[in-house]
Structure formats: structure tokens, C-alpha cells
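Below is one structure; the comments refer to it alone.
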Amino acid sequence: MALMPKRVKFRKEQRRVRPRKATKGNYVAFGDFGLQALEGAWVSGRQLEAGRVAAQHFLKREGKLFIRVFPDKPISKKPLETRMGTGKAEVEYWAARVKPGTLLFEIAGVDETSAKRAMVRAAVKMPVRCRFVRRRVAV
Amino acid sequence: MNDKSPVLKATKRDRLGTRYTKRVRKAGGLPAVVYGHGSPPVSITVDAEEVLPHLHKGEKVYRLELAGEQSGQIVLLKELQFDYLGTDIVHADFRRVDLNERVRTRVHVDLQGEAKGLKNAGAILMHPTTELVVECRVTEIPDSIPLDISELDLNGVITAAQVKLPGADMKLITDSHAIIAQIVEQKEEVVAEAAVVATEGGAEPEVIGEKERAEKAAAAAADGKAPAKDAKAAAAPAKAAGGAPAKAAAAPAKDAKAKK
């Protein structure tokens, strides 16, 4: 089942402009390796779930997978062949706001080769270009 | 440490701000700042080609050769700023220090050995804290702190207090209860269960306060005085459930008026 919030303050939301670059959530914080988005997009709960299943299926019971984004933005869509007007349409899906640089997934407890192969599988399910990243050096 | 520490040749930056800093980077420099010891902070430029290999290697103490300042000033790397992708270092903070001064710095924990708990099926090694903040002399800052985890069993935990610091007068600043290494048994499809729980209530999430508003409106309607605002709120859940909107309900009343 796709991720979505349990409780919300408002049923629908305005679309809003997507800011350019990620200033937070753009480094590996929980695991050892991660999958970083290189483009901005709304990533739906269904896409995130597909990525998680693909990565976890490859890892089997090894390692721990972290999902770093949560789809909390309701996206509404008018049905096909509907005339304009008559108010805002119903919510079609829930999406996570992903900016260039945002970490989508992280993996802990596996070696780099396995982590890379799992992340490649998850990246295929994402609507954005992604890359594999490691932890930053300690300062 | 003083003899081994790399020498950085720096020049002062007179023009500050985004535009000039960008020009510095384009010209092959790395903008930085030096502060501490009661002296005013100085914005400097160091050669990126010269300093970046040292920064990536994890060097912390440098000797700064700055024109017009005290020659061979010992500085400690305090902070690095990265670009939005975390690839390029865009700025560095250096703090003036004395060699015998006690300073606080982050040191990476190097896990060594293969934990015996990892031989169990489904066991994974977690290390939520990968760096320790320690207080020590500038000359004694270690490159990393080795930690032997070969005796760590399933559900075993090594906390920061259990880590043996390399220096005798080195003091641990990180919370002593912080978990450095832990072997846990992986539960199957934890996220999937959470997702199912999240969506069990129905296809739509609960709207905060909507239930209370609907109850209030219903109570008001029972009393015989239905305020327009409350009636609208009561109609909202019906609309969400796929029922006819409030406008449709009001339509027959309009028709009756027209007939009259």
C-alpha cells in the first residue's frame, strides 16, 4: 500500500512553486549509503513504495532501508473529459516534494556493492535522475 | 602534529558577498574564514587544488601562511560547507589555536573486526553514531578512534562510554549513552506493515477538526437553528464520501420557490 498521512489539517492544497535546491535532507544521515535525487519532482507514494519493494526484494533480509521522504502533499486531478470549473477536483494521490539533492533512500548494514545494486533497482522506479552517495567525511 | 600538519598559503579577501565569492571559486580558490583567540575574523582565500586533498583526507590541523598576519598560525578546521548535492566543498571555517590548547573536535569511529552476532541469519550491524566529539590537546587529535566489535553479540550494544579513547587526558563530550554499534535482528517488511496501518482507516486521511464541526452542525440542526457555516461543514464529509453536495440538496427548495 502506498504511503500517505493518517491525519491532515486540510483536505486539499495549492500546487505551489518547487524551490530550486535542497538545503536540508541532502546528506546521508541514518545509513551508510543513499540514493540522491538530481532533479526536482513530486514523487508519489506509489513510486516510493515501488522503489522500496524493489530494493528490499534485492536485499532479502539483509540490511536496513530508510525512506527519507514522506508523501504528505495531496495532488488533485480532474477526471478526463470534464468541463473546467465546479471547484477543485478530488485528491488523486499523495506526493513527496523532492528537490535536487534530496536523499530518497538510505541503506545500513550491507556492503557497498550490495547497497549500490539495491539502489539501482530503486532508482529505476523513481521519476527523477538519481545517483548513489556515501556518508560525508567527519569534520 | 605541528610538523606533520599541512601548510596553507592564503590571501585576504577584501570584497565579500555572494558575487565575489563565486568569482573566487571560479578562479580556483576556496573561500574560508579564520577566527578565534580574541582577534577579529579574517575572510581568506586558499588554493582549492592545494587544500581539497587534505580536507578529503580528513586533516584537521593546518599551518596558515597569511600575508600580513602572524606567520605559521596553527588553525583547526571547524566546519565545512558543501553545495546542495554534497559533492563540492564551497567554504571552510578555521579557528586559531595554540598547540597546547584543549579543543573540541569530531573524530570518526573506525569499527574493526567482524562481530560474532552477525553470523545469525537476519542480523545487521547498526551504527547510529559514527563520530564522537572529544576534547583533547591540538597535538593529540587522532585521525580516527578504533573500536573492536568482534565480541559484539546479537542484541548487543556498544555505547560511547564503552569506547576506549586513545589519549589519556582525552575527554568524551558526546552523550555517554549514545549507541556506537549495535547488532539487531531485522524484522521483515516493517515499512509495509506501517503503510498498511496508515491506510487502514480508508482511502482518505482524517481531517483534523472535521468530525467536531460535523457533530456541532448536527446538534445545531437538531435544535432547529442551522447556521449556514455549520451546515456547510456538515455537508463536506458527505461530499467526500461521494454523496450529493450541499448545493444539490438545496436545489429542491429553489424549485419549490419558482413554482409558487
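Proteins come first, then strands; the chains are lettered A, B, ... in the order of their sequence lines, and each starts at number 1.
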Take atom [atom1] of [X] as the centre, draw a 6.0 Å sphere, and report whether it contains more than 12 heavy atoms from other residues, nucleotides or ligands.
X	atom1	result
Glu114(B)	CD	no
Arg102(B)	CZ	yes
Glu62(A)	CD	no
Tyr27(A)	OH	no
Gln112(B)	CD	yes

Could you look at Leu118(B) and say if it's the side chain, the backbone, both or neither that has a heavy atom under 4.5 Å from chain A?
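For Leu118(B), neither part sits under 4.5 Å from chain A.
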
Could you tell me which portion of Thr130(B) (side chain, backbone, both or neither) has an atom closer than 4.5 angstrom to a non-hydrogen atom of chain A?
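The answer is the side chain of Thr130(B).
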
[X] [atom1] to [Y] [atom2] distance, which is reported to the nearest 0.5 Å:
X	Y	atom1	atom2	result
Met126(B)	Phe30(A)	CE	CZ	10.0 Å
Leu85(B)	Lys21(A)	CG	NZ	8.5 Å
Leu125(B)	Lys64(A)	CG	NZ	13.5 Å
Arg135(A)	Glu131(B)	CZ	CD	7.0 Å
Ile208(B)	Arg7(A)	CD1	CZ	4.5 Å
Thr87(B)	Arg136(A)	OG1	CZ	8.5 Å

Measure [X] against the heavy atoms of chain B and call it side chain, backbone, both or neither at under 4.5 Å.
X	answer
Tyr93(A)	neither
Gln36(A)	side chain
Arg20(A)	neither
Val8(A)	both

With side-chain contact (heavy atoms from CB on, under 4.5 Å) as the test, would you mind laying out the steps for Glu204(B) and Glu90(A) before giving the verdict?
CA-CA 11 Å; Glu204(B) 279 196 19; Glu90(A) 291 306 312; 4.2 Å; yes

Please set out all donor-acceptor pairs under 3.5 angstrom arising from side-chain atoms of residues 113-125 of chain A, sequence neighbours excluded.
{"from": "Ser114(A)", "atom 1": "OG", "to": "Asp111(A)", "atom 2": "OD1", "distance (Å)": "2.8"}
{"from": "Arg121(A)", "atom 1": "NH1", "to": "Arg117(A)", "atom 2": "O", "distance (Å)": "3.1"}

Asn26(A) side-chain N/O to Tyr84(B) backbone N/O, donor-acceptor pair under 3.5 Å:
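Checked: pair present.
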
Which atom pair, heavy atoms only, marks the closest approach of Pro5(A) to Pro205(B)?
O-CB, 3.1 Å

Top contributor to chain B contacts, counting heavy-atom pairs under 4.5 Å, from Gly109(A), Ala108(A), Gly63(A)
Gly63(A)

